[in-house]
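Excluded from the calculations below are hydrogen atoms, water molecules and symmetry mates; all remaining heavy atoms, backbone and side chain alike, are included. Counting convention: from 1, in listed order, for ligands and their atoms alike.
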Amino acid sequence: MTPIAKTLPLNFSHPPEMIEFWQRLAREALSLSAPTPFYVFSALPIAEKISELDAALVAAGFKSEIKNLKSPVGFKHFLSFKTQPVASLLRWWQGQGRSIEVVSEFELRAALAEGFAPENILVNGPAKLWLAQFDLRELSVNFDSPAELAALLPLAKKLNWRCGVRILTGEEFDPENPPFPTQFGFTPDGAVAALKKLLRAKTRVETVHFHLRTNVSAVAIYERAIAEVAEICRAAKFRPLHLDVGGGIPVQNVLSRGGKVYDGEFGLRSFAKMLRQSAKLFPGLREVWLENGRFVSAGSGVLVVKILDVKARRGLRQLICDGGRTMNALTSLWEQHALMPLVERGGVQVLTAIHGPTCMAFDQLARIPLPRSLSAGDHLLWLDAGAYHLPWETRFSHGHAAVFWQDENGLRQIRARQSFENWWSPWT
Ligand SMILES: Cc1ncc(COP(=O)(O)O)c(C=O)c1O
């Protein structure tokens, strides 16, 4: 098999070694009789993204997570569970002694099952009344509303939770309807009241938190949000130990369907410098917490589909594949990813739509120029499938895809393709 670098789509900036890396893993999975469609995920790109972020933070003057340098302010990465709920990823991350952020009962149970100690688990998200059934000491919990706080405060005291407050800053809005706020966190006044209440109750209140949205386009947006949070802390006479800036660092190598480069105006180094500067607004701060999902894991996976049928009409070639948007890649509704044949195919490129097998025109991964010589039996790779693909996969007319995982121990199948029996079994 020959590499396909020549058919690399324009507008994406993956280094050729990265493309070759995924081709090699896809071929290796196929050689293990992988049934398409399947995902291949790898720990390596995640380790690289964390190193990239660490290098920027340490260069900006933060204390390294590993080396104990002089700077008084450190940082900590939390794995965003919801972004990529893969057991092998959790085990790999936990094996490095790192921490995890969960937002539901199931995520908390899974984190505990995979060996995370409660003190390495941060619980976020709205309406966490389900937390009352757990008897876990030293959990980190970011409260989201007055009612939630009132309900859980006795437990927070009893179990010595490390409490935090999520704040709805002026920078947070519904990205689809910017005039409207999101449903998360306390209003600024509400946050002051919540912090005072936690202090009065003599709980272990340590953290102020915001999460703006995904793909935050500019560093200045975070900077303004942090300044607002610092004001709130002053008003509440509260000195946090931790500033939790959530996730939201924009993804690399992915475009919006309209062609926007998500990270076009975002620099990691200036982000790190801004964080270091802004940390000075919080006397006594010990750590900045980061919960990046998309930035950390988007590049850690590919979706592999096989062409089953080919049609051509009204000037459009159509490839009907065994996987696609509806089942495996909902993000293709608003994102363009690099998409390419596994094996180089030459000849004229023609406008080609790549469809999944479900009975919906909606099931279309992309409409891009591809070689006319592509035919049934060929495989296609959809890159950057390592974030928000698995959480949004469906069982629409078909079963879930197989999943492969690669780490220091090599490549292996970690989830079989869903069988008919399993697909139909939830019904009583
Ligand atoms: C509280 C919180 N933290 C972190 C994240 C991860 O966000 P991203 O994938 O944009 O980095 C999310 C995503 O929804 C979130 O809600």
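Crowding of F362 atom CZ: a count of heavy atoms from other residues, nucleotides or ligands under 6.0 Å exceeding 12.
Residue contacts with ligand 1, taken as heavy atom pairs separated by less than 4.0 Å, involve R166 solely via side-chain atoms from C-beta onward. The proximity of R294 to ligand 1, defined as any non-hydrogen pair under 4.0 Å, involves the side chain as well as the backbone. At a heavy-atom distance under 4.0 Å, only side-chain atoms of N124, from C-beta outward, approach ligand 1. Residue contacts with ligand 1, taken as heavy atom pairs separated by less than 4.0 Å, involve Y388 solely via side-chain atoms from C-beta onward.
Evaluated by nearest non-hydrogen atom to atom 12 (C) of ligand 1, the leading choice among Q84, E291, K82 is K82. The heavy atom nearest to atom 14 (O) of ligand 1, out of those in H211, H209, E101, R213, is found in H211.
Residue-to-ligand polar distances place G248 within reach of ligand 1: an N/O pair is separated by less than 3.5 Å.
Here is the list of ligand 1 atoms found below 4.0 Å of a heavy atom in G293: 6 (C), 8 (P), 9 (O), 11 (O). Listed by number with element, the atoms of ligand 1 under 4.0 angstrom from any heavy atom of S80 are 6 (C).
Salt-bridge check for R109 with E107: failed, with every basic side-chain N at 4.0 Å or more from each acidic carboxylate O. A salt bridge links R412 to D407: at least one charged side-chain nitrogen sits closer than 4.0 Å to a carboxylate oxygen. A salt bridge does not link K260 to E335: none of the charged side-chain nitrogens sits closer than 4.0 Å to a carboxylate oxygen. Between E119 and R137, none of the side-chain N atoms (NZ, or NE/NH1/NH2) sits under 4.0 Å from a carboxylate O, so this pair counts as no salt bridge. Salt bridge absent: E228 and R224 never bring a charged side-chain N and a carboxylate O closer than 4.0 Å.
For S99, the side chain to side chain donor-acceptor pair (under 3.5 Å) criterion is met by no residue, not counting sequence neighbours.
The protein atom (non-hydrogen) at minimum distance from atom 10 (O) of ligand 1 is T214 OG1, 2.5 Å.
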